[in-house]
Structures are given as C-alpha cells and as structure tokens.
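Report on the structure given below.
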Amino acid sequence: MIIVMRTGASQDEVEAVCRRVVELGYQPHPIVGEFKTVVAAVGEERGKADLRLLEAMETVESVMPIQQPFKLASKETRSEPSEVRLNGVVIGGGRVVVMAGPCSVESESQVLEVAAAVKAAGASILRGGAFKPRTSPYAFQGLKEEGLRYLAEARKRSGLPVVTEVLETESVELVAEYADILQIGARNIQNFTLLRRVGEMGKPVLLKRGMATSIQEFLLSAEYILSAGNPQVILCERGIRTFETSTRFTLDLNAVPVLKKLSHLPVVVDPSHGTGHWDLVAPMAKAAVACGADGLIIEVHPRPEEALSDGPQSLKPSKFAQLMRELKPVAEAVGRSL
Ligand code: PEP
Ligand code: MN
C-alpha cells in the first residue's frame, strides 16, 4: 500500500504514521519529497488489518493499494493458466468447451432428448437447472432432486458430465452427489457462506458473475472458493445490468480479456442470459470465442415455445448444431479448436 501524506505533513506526523504501520504488522518505507511525503507499507496483507483505515488519520490524504486484493485468483500468484479437468474434458486448455442444455430440467424425456441432441452437435458438458432461482416465487422453481435424477440418467446415457446450480448451503451435498460441476448463479455471487461451502467440496465450480458485480468483486468471490481449498473454479460472464433495455442484460465481453489479464482461472461466457433472445445468442457466442473465452454455456430446448423457463433465449437443437458448425472456424482463427 502507498500512504500519501497531506501536503506539508511534519516529520513527527510522518513518524506517527510509520509507527501505526508497524503496529498493524507492515514495514514502512517513507519517501520524502519537497512538498509531499509518501510511505510505502510492505508485507503480506492476508489476515491483517486493512491499511486503508489510515485514511481516518487527519495527516493522511489517501491510501492506495499496489497489489490486487485477490491473491489465489491472481496472475501475480500463478502466471500459468489453470485448467479444470473432468472426465477427459479440459476447461482452460486449447479447446473451447461448450456446455449446453435446457435452462430447467422439466421432465426425463426433455433432458434425455436435449442431451442426445447437444452431444451429437459436439457439446462436451450438459447443463440443466434442477433448483431454479426465479425472480417470482410463483414461477416454476425446478424439479429439485427429481430433476437431479434425470440429469444423472442423461449423463449415464450420453456420457456428458453435468453442470447444475446449487441454490443454498443446505443442498450442497445433495447437488454434489449428482453434479460434476456445481454452478453458483448470478444471484448468489456474494453468498459468502455458500461460496465457502462449495469451496470445501472437491468438485469444480462454475461461478457466474452477478448482474451488478464488478470484476474485482467477482474475483474476490472466486477467492472465497479458492481459499477454502478448492482450486477448480471456472468464471462465467453472463451479462450485467446497464441502462440498456433492448437486451435482457448487457453481455460484458470486456470481462473476458480483463479477467484473463488479472487471473489464471478459465473464463466461459453465457450468451443466453447475456442477451435474453435466441437470435442474439449465435453472434455473441462467436464474439466470445473470438475474444478469448475458454468455453460457452448455452441454453437449448427441444421446443422453446413450451419451456418452463427462459424459452425466449433458448436455441432449438437444429440452431445449436448450426452454431457449433459456425463456431469452429472462429475458434481456429484465434488458435483454438472446438
Ligand atoms: C441459469 O444458468 O439458468 C441461470 C439462472 O443463470 P444466472 O444465474 O446467470 O441468471
Ligand atoms: Mn436460464
């Protein structure tokens, strides 16, 4: 941290700040200029008081961090990209990984039908929600454990690993019994108890960015999972809230290169929630791959007009297959495969 003293601060005042820095467990290095003095405070920050509290001192003008507040998620800690591996699928390697399936598991036949279709089109992971976070308490809330059983059956028949959302700490163990990847939804991004709990499980976690979450907050949420002992975190950009109303959310593709610059964790993009409309999914999926996403998560429904959730943004299997064909040259153009 750099502590900037007020203009004209006396030597005594600088020394008082240095003493406080030592008390808080850091080493102070004052740099005295003609008009301004700054104190560089060095030392491991984890588990110690935040030096920004020194801004409360009248002699201090500001305190500026020089390191990122997230540590384990940061490139400063690990420069190599990390890979999440499951059943032969590698997320964060040379191949763009596509996860696809319905928003909600609605019946056994629906999920089996989608699983076979997305597999035939080249998807490597099956998505599907059994526990659904819905804005309205009157909307379909998911088939819960019954839905998890259908997902497990679809995995058995298709061989595709399953990603599904866990909504609350009480059901983490249940969902983990069935899921290959635990999904933390946008609305739970700062449910720190849930993040810690999935951090204690040995399973990969797909962490979706909240709709009003800054990149720094997003990475600090990832840090909760990593610091609980689980290195298998996949970040997912799924759109944020802006003033724009012509799409459901604004898919922040800036987040992909920004996250890649700051972190070693794999990044996937959800163009279904990010746009809210099926005809915008393909162009934004291609854009996501072009800007460096390690994967995509896409909603597919055999009959979107009958879907119990997110029908307007769901692709029919034929449209999904077409998108997979069109994505191949995009991936190859940026040095990846599909
Ligand atoms: C979902 O994947 O169906 C979902 C609810 O996503 P999000 O948490 O991004 O809204
Ligand atoms: Mn959905």
Side-chain angles (χ1 to χ4, degrees), residues 97-106 110-111 114 118 123 125-137 139-144 147-148 150-151 162-168 171 175 179-191 194-195 198 204-213 215 217-218 221-222 225 233-242 247-253 255-256 259 267-278 280-281 284-285 288 293 295-316 320:
V97 171
V98 180
M99 314 176 188
C103 176
S104 298
V105 175
E106 298 170 2
Q110 173 238 21
V111 75
V114 183
V118 300
I125 295 173
L126 175 66
R127 67 144 288 149
F131 290 87
K132 292 305 300 176
R134 304 305 302 278
T135 302
S136 164
F140 175 61
Q141 304 286 310
L143 294 181
K144 308 198 168 73
L148 294 175
Y150 298 157
L151 283 168
V162 163
V163 56
T164 193
E165 179 162 355
V166 55
L167 273 185
E168 66 253 314
S171 47
V175 177
D180 299 287
I181 305 178
L182 296 167
Q183 174 174 329
I184 299 292
R187 290 152 192 85
N188 263 322
I189 181 81
Q190 288 193 320
N191 181 339
L194 181 61
L195 296 177
V198 297
V205 177
L206 179 78
L207 181 64
K208 298 191 90 175
R209 182 182 182 183
M211 56 192 85
T213 306
I215 301 255
E217 289 164 341
F218 188 17
S221 290
I225 303 170
V233 177
I234 305 154
L235 303 170
C236 178
E237 163 58 41
R238 48 76 73 207
I240 54 173
R241 276 258 157 88
T242 68
T247 48
R248 184 177 179 194
F249 294 98
T250 297
L251 186 63
D252 178 18
L253 287 184
V256 177
L259 288 167
V267 180
V268 310
V269 170
D270 174 348
S272 306
H273 293 86
T275 62
H277 208 270
W278 66 270
L280 303 175
V281 170
M284 296 316 287
L296 296 165
I297 178 161
I298 296 177
E299 289 186 338
V300 179
H301 194 288
R303 287 161 296 281
E305 62 283 1
E306 291 171 18
L308 296 181
S309 64
D310 288 349
Q313 68 195 33
S314 298
L315 294 185
K316 289 184 179 150
F320 176 70

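Atoms within a ligand are numbered from 1 in the order they appear, just like the ligands themselves. Quick note: numbers below take in every heavy atom, side chains included, and nothing from hydrogens, waters or symmetry partners. As the structure is a computational prediction, the values presented were derived from the model and not from experiment.
Near ligand 1, Cys103, Arg127, Lys132, Pro133, Glu165, Gln183, Gly185, Ala186, Arg187, Lys208, Arg238, His273, Glu299 each place a heavy atom less than 4.0 angstrom from the ligand.
Of all protein N/O/S atoms, those under 2.8 Å from the Mn ion (ligand 2) are Cys103 SG, His273 NE2, Glu299 OE2, Asp310 OD2, and waters are not counted.
Judged by the 6.0 Å and 45° rule, Arg241 forms no cation-pi pair with Phe249.
Without hydrogens or angle criteria, Ser171 side chain to Leu167 main chain gives no donor-acceptor distance under 3.5 Å. With hydrogens and angles ignored, the 3.5 Å screen pairs a side-chain donor or acceptor of Arg209 with a backbone N or O of Thr213.
Minimum interatomic distance between Ile298 and Ala285 (heavy atoms only, all atoms of both residues): CD1-CB, 4.4 Å.
Each of Leu126, Val163, Leu143, Asp180 was checked for a side-chain contact (heavy atoms from CB on, under 4.5 Å) with Leu151, and the lone residue meeting it is Leu126.
Among residues two or more places apart in sequence or in another chain, the side-chain hydrogen bond (donor to acceptor under 3.5 Å, both in side chains) test is passed with Glu106 by His301. With sequence neighbours left out, Gln313 forms a side-chain hydrogen bond (donor to acceptor under 3.5 Å, both in side chains) with Arg248, His273, Glu299, Asp310.
Atoms CG and OG, on Leu280 and Ser272 in that order, are 10.5 Å from each other to the nearest 0.5 Å.
The local environment of NZ in Lys144 is crowded, with over 12 non-hydrogen atoms from other residues, nucleotides or ligands closer than 6.0 Å.
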